J.: 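Just passing along the structure, written as structure tokens.
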Amino acid sequence: MMPQDFFARDVVTVARDLIGATLLIDGVGGIIVETEAYHHQDPASHSFNGPTRRNAAMFGPPGRAYVYRSYGIHWCLNLVCEAEGSGSAVLLRAIEPTEGVAAMRVRRGMEEARLLCAGPGRLCQALAVTREMDGSPVDRPPFALAPATSPPAIVAGPRIGISRAVDLPWRFGLAGSRFLSRPLPARKTLD
DNA sequence: GGTATGATTGACT
DNA sequence: GTCAATCATACCA
């Protein structure tokens with residue numbers, strides 16, 4: 001399980017460090033291969049204009065889930081970072097399925113492993129994430145989160161699907177993974 | 001009260 | 001490549 005203070009750090013750092021970590025919800029999940037960072041002072045972030053009913057969890061304690069409805073259709077799962085009131089969170093965009101793959105196939109209504117969790121909406125459908133988990137601590141069941149066992153090769157690029165702050169390279173992915181929602185540049189981040 | 005918009009996806013030309 | 005689905009939120013009156 002993640003150290004308790006893992007999320008109490010800069011949101012961009014946490015987004016990068018989550019690559020290679022393992023996330024399970026009720027035993028279903030896999031290796032996080034794609035994330036994005038969002039911050040209170042970031043015009044693309046839901047928290048940019050301050051707390052609202054929807055983004056309340058973003059302004060709560062770190063280490064909790066922020067779940068929101070996207071386009072009225074999909075759910076998206078974030079992990080709150082930094083400190084209470086900071087309004088920062090990491091969007092989980094893709095997972096390499098390793099556990100409970102049969103359950104994911106039923107929930108997603110498809111066979112192909114590459115598309116089970118390749119995107120924030122698909123990921124939530126495969127892991128059965130809904131509004132009920134908004135604000136839930138992720139350091140206890142049904143969540144199980146374990147850090148990467150070895151330092152993964154990470155690539156960075158601009159975030160997907162936003163219209164503001166489009167140039168910030170706050171999207172991170174596992175280099176060479178075939179489970180990404182979309183390709184990332186082959187350029188590695190500097191450590 | 002009305003209405004435009006979106007951290008997406010899947011179907012279709 | 002284009003486009004509709006579908007609804008909570010944000011903004012305006």
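In the text below, chain A, chain B and the rest are named by the order of the sequence lines, each starting its count at 1. In this text, all values refer to a predicted model and were calculated from it rather than measured experimentally. Below, each value reflects all heavy atoms present in this structure, side chains not excepted, and no hydrogens, waters or symmetry copies.
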J.: Quiz question: by atom type and distance under 3.5 Å, do the side chains of A/Gln125 and A/Arg108 form a donor-acceptor pair?
T.: yes
J.: So does A/Cys81 get a backbone contact from the side chain of A/Ser88, meaning a donor-acceptor N/O pair under 3.5 Å?
T.: yes
J.: Please report the distance separating the P of C/dC3 from the corresponding atom of B/dT5, rounded so that it comes out in whole Å.
T.: 16 Å
J.: With the criterion being N/O to N/O and under 3.5 Å, what pairs connect the protein with nucleotides 9-13 of chain C, and how long is each?
T.:
residue	atom	partner	partner atom	Å
C/dA10	OP1	A/Thr52	OG1	3.3

J.: Which pairs of donor and acceptor atoms, one on a side chain in residues 95-104 of chain A, lie under 3.5 Å apart (sequence neighbours left out)?
T.:
none

J.: With sequence neighbours left out, write down each residue that passes side-chain contact (heavy atoms from CB on, under 4.5 Å) with A/Arg69, or none if nothing qualifies.
T.: A/Trp75
J.: Flag the pair A/Phe48 / A/His40 as yes when their ring centroid distance falls below 6.0 Å, and as no otherwise.
T.: no
J.: Apply salt bridge (Lys or Arg N to Asp or Glu O under 4.0 Å) to A/Arg9 and list each qualifying residue two or more places apart in sequence or on a separate chain.
T.: A/Asp17
J.: Not counting sequence neighbours, list each pair that qualifies as a salt bridge (charged side-chain N to carboxylate O under 4.0 Å, His left out) and has a residue in residues 40-57 of chain A.
T.: A/Asp42-A/Arg159
J.: Name all pairs fulfilling the salt bridge (charged side-chain N to carboxylate O under 4.0 Å, His left out) condition that reach into residues 164-178 of chain A, sequence neighbours left out, sorted by first residue then second.
T.: A/Glu34-A/Arg171
J.: Verify, without hydrogens or angle tests, whether A/Arg114 (side chain) and A/Phe179 (backbone) share a donor-acceptor contact under 3.5 angstrom.
T.: no
J.: Test of understanding: clusters of I, L, V, M, F, W, Y form through side-chain heavy atoms closer than 4.5 Å, transitively. Do A/Ile32 and A/Leu24 belong to the same one?
T.: no
J.: Quick one: does any side-chain atom of A/Asn55 pair with a main-chain N or O of A/Met58 as donor and acceptor, under 3.5 Å?
T.: no
J.: What residues from residues 100-119 of chain A pass a heavy-atom cutoff of under 4.0 Å to DNA chain B?
T.: A/Arg108, A/Gly119
J.: How far, in whole Å, is B/dA7 from C/dG1 if one measures between their C1' atoms?
T.: 23 Å
J.: Could you see if A/Tyr38 belongs to whatever hydrophobic cluster contains A/Leu184? Use Ile, Leu, Val, Met, Phe, Trp, Tyr and a side-chain cutoff under 4.5 Å.
T.: no
J.: Expected output is a numbered-order residue list: members of residues 65-83 of chain A with a heavy atom under 4.0 Å from any atom of DNA chain C. What is it?
T.: A/Tyr71, A/Gly72, A/Ile73
J.: Given the rule that I, L, V, M, F, W and Y join up when any side-chain heavy atoms are under 4.5 Å apart, are A/Val11 and A/Ile154 in one cluster?
T.: yes
J.: Need one value for A/Ser163: base, sugar-phosphate or nothing, where a base atom within 4.0 Å counts as base even if backbone is also close, heavy atoms only.
T.: sugar-phosphate
J.: With a non-hydrogen cut-off below 4.0 angstrom, is A/Ile162 in contact with a base, only sugar-phosphate, or nothing?
T.: sugar-phosphate
J.: Got a list of side-chain donor-acceptor pairs under 3.5 Å for residues 129-143 of chain A, not counting sequence neighbours?
T.:
residue	atom	partner	partner atom	Å
A/Thr130	OG1	A/Glu132	N	3.4
A/Asp134	OD1	A/Val67	N	2.9
A/Ser136	OG	A/Met133	O	3.0

J.: Which nucleotide of DNA chain B is the first, and which the last, in the 5' to 3' direction, to come under 4.0 Å of a heavy atom belonging to chain A?
T.: B/dG6 to B/dG10
J.: Counting Watson-Crick and G-U wobble pairs with both distances under 3.5 Å, what is the dot-bracket string for DNA chain B, 5' to 3', using [ ] for crossing pairs and | for pairs to another strand?
T.: ||||||.|||||.
J.: Listed by chain and number, what are the side-chain contact (heavy atoms from CB on, under 4.5 Å) partners of A/Leu115, not counting sequence neighbours?
T.: A/Met110, A/Glu112, A/Arg122
